[in-house]
Amino acid sequence: MSDNGSVPTGTTEQTTPAASENEAIQSRCKLLGIPWHERIVEAEALAIDCLRADEAVRLGVVPLRIEDGRLFVAMLDPLDAESADEVATLTGMTVRREGMERPAFMDLMRTHYGTTASKMADALAGEADAESEDIEHNLDAIEADDIHRMAEEPTLINLVNLILLEAIQQRASDVHVEPFENQLTVRYRVDGVLQVQDPPPKHLQPALIGRIKIMSGMNIAERYIPQDGKISLRFEGRKVDIRVSTVPTLYGESVVMRILDKSSLALELDALGMKPSVQNTLDSLLSKPHGMFLVTGPTGSGKTTTLYASLKRIYDPQKKIITVEDPVEYELEGINQIPVNPKRGLDFAAGLRHILRQDPDIVLVGEIRDGETADIAIRSALTGHLILSTLHTNDAPSSVGRLVDMGVEPYLVASVLEGLLAQRLGRRICQDCKRQIPMDEDISHRITEQEKDLFKGMTWEGAGCEKCSQSGYRGRIGYYEILKVNARSRKAIADNIPVAEFKRIIADDMRTMRQDGMDRASEGLTTIAEVLRATQDVDEETG
């Protein structure tokens, strides 16, 4: 057990600047008598050997010394009693915590646990025996028992752990492990863009993928049908869920691991970066006692995050809120969440039908995919429920036509639809290294004269720094268009006018995603190139 005392901690990174958070931790440490180091201190080799690299990285701990059977450790967050207790369990020693400034701690970690996934893969490549060449060309011939044995090797376990921990450290949303004829590739999706990592040796493919399948509870012997699973792990004192999907390809199973790190997810509307005008309109729509509100956009555009934040905003113990989702990505306190299970006959339509017998006030339907779900949702909104859901359409106005295409009568859509929100995500300029530069001529030719007036010949970019890994970007920002249905637009919907004409009618009632994005680019929050990339399927207008 840790003998510094148990202190409950919360995640404040979303709302508190790093500097003030660091000061708060120092103050708590002082009150608890936990030593604090401004710079690197020496670490003894005997202490370092007490933890593996993946354990140290995951727990945010570097052992410093052993005295009288007690292990003294430097911690990224010395108030994290759970991580200290896990170190005590792993080492069999009483743990004493010490705090350290983040830059010094990271240098200490790199010095003593500089193992990265690519370095470990290189080391394992050097251990390849004479059979490795046969393995590379006969993957299908390997028995499940052999894969299981290889997947349980400690070095292989450490490699998979490090791949996941590095991805979380780099703020990746997904990890892609993809087999090709002559190599096994690993890519992390960071801020919406895939980044290629150093590839593990091809001969590790069956063991590495087998290890991932064991961790996620899949059938390791089945390699020819898609499978889904889930991994849960703790990283720096917080729980991280990883949703895993495998599909068979020409050269083996392709694996995608989606990282669901709740601490990095903004579940407050105020944290989504909406302009005040957009947020005020959204707040007024969410305050409606009944009707339908739809969020639209392609996969990965942040629709679920927006809806979760919306539910959190309107949560009231006096109201019953139920969701039906595929899958449930994050658990929301005080809200009943139902996972879709088509294999057992529970699809969106069946789930929604049964939800209505639970006497809800507010219902979230993960996605309206078919006419039956749309019809039940519409009729639920007509009978006094507030229905929130998503559609896959390019922009907000197209949602109306999509519902009609599903077989819903236009007059019914007009009766219940209260608002539409469309969104895209673009990379956010790193605010620590951003700078103004003259507008590039190639960019200038791609925007309108009206848009050029926002920039006065200058635009913003990230120069690249340590905090953004020299990319110039850190995090993502949303570009939104929101339409609050009024009498004019409601009549147009009921009359089932063409989408192009509907857009002209509502032109004065909303700003498009591209216009919203250009506003954010002129404020130095994103780049013009990112706005154009994210909205090009919606608005192709150029100067």
What verdict does the side-chain contact (heavy atoms from CB on, under 4.5 Å) test give for Val255 and Leu208, after you've listed the backbone C-alpha separation in whole Å, the side-chain angles of each residue and the deciding distance to 0.1 Å? CA-CA 10 Å; Val255 179; Leu208 191 148; over 6 Å; no
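- The CZ atom of Phe105 sits 10.0 Å away from atom CG of Asp77, with the distance rounded to the nearest 0.5 Å.
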Test side-chain contact (heavy atoms from CB on, under 4.5 Å) applied to Lys202 and Gln183, step by step: CA-CA 5 Å; Lys202 177 70 173 176; Gln183 70 173 18; 5.5 Å; no
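- Gln337 contributes atom CD, which lies 10.5 Å from atom CD of Glu329 (distance to the nearest 0.5 angstrom).
- Counted by atom type alone, Asp270 and Gln279 present one or more donor-acceptor pairs between their side chains at under 3.5 Å.
- Remark: Arg234 CZ to Ser83 OG distance equals 4.5 Å, nearest 0.5 Å.
- Applying the salt bridge (charged side-chain N to carboxylate O under 4.0 Å, His left out) test to Arg102 and every residue at least two apart in sequence or in another chain returns nothing.
- With Gln423 as the partner, the side-chain hydrogen bond (donor to acceptor under 3.5 Å, both in side chains) test is satisfied by one option alone out of Thr306, Thr305, Thr296: Thr306.
- Between Pro63 and Leu51 the shortest heavy-atom distance is CG-CD1, 3.9 Å.
- The closest side-chain donor-acceptor pair between Asn158 and Arg52 falls under 3.5 angstrom.
- The salt bridge (charged side-chain N to carboxylate O under 4.0 Å, His left out) search around Asp519 returns Lys275, Arg511, not counting sequence neighbours.
- Using a cut-off of 4.0 Å between Lys/Arg side-chain N and Asp/Glu carboxylate O, Asp228 and Arg243 are scored as not salt-bridged.
- With Phe72 as the aromatic partner, Arg65 meets the cation-pi criteria of under 6.0 angstrom to the ring centre and within 45 degrees of the ring axis.
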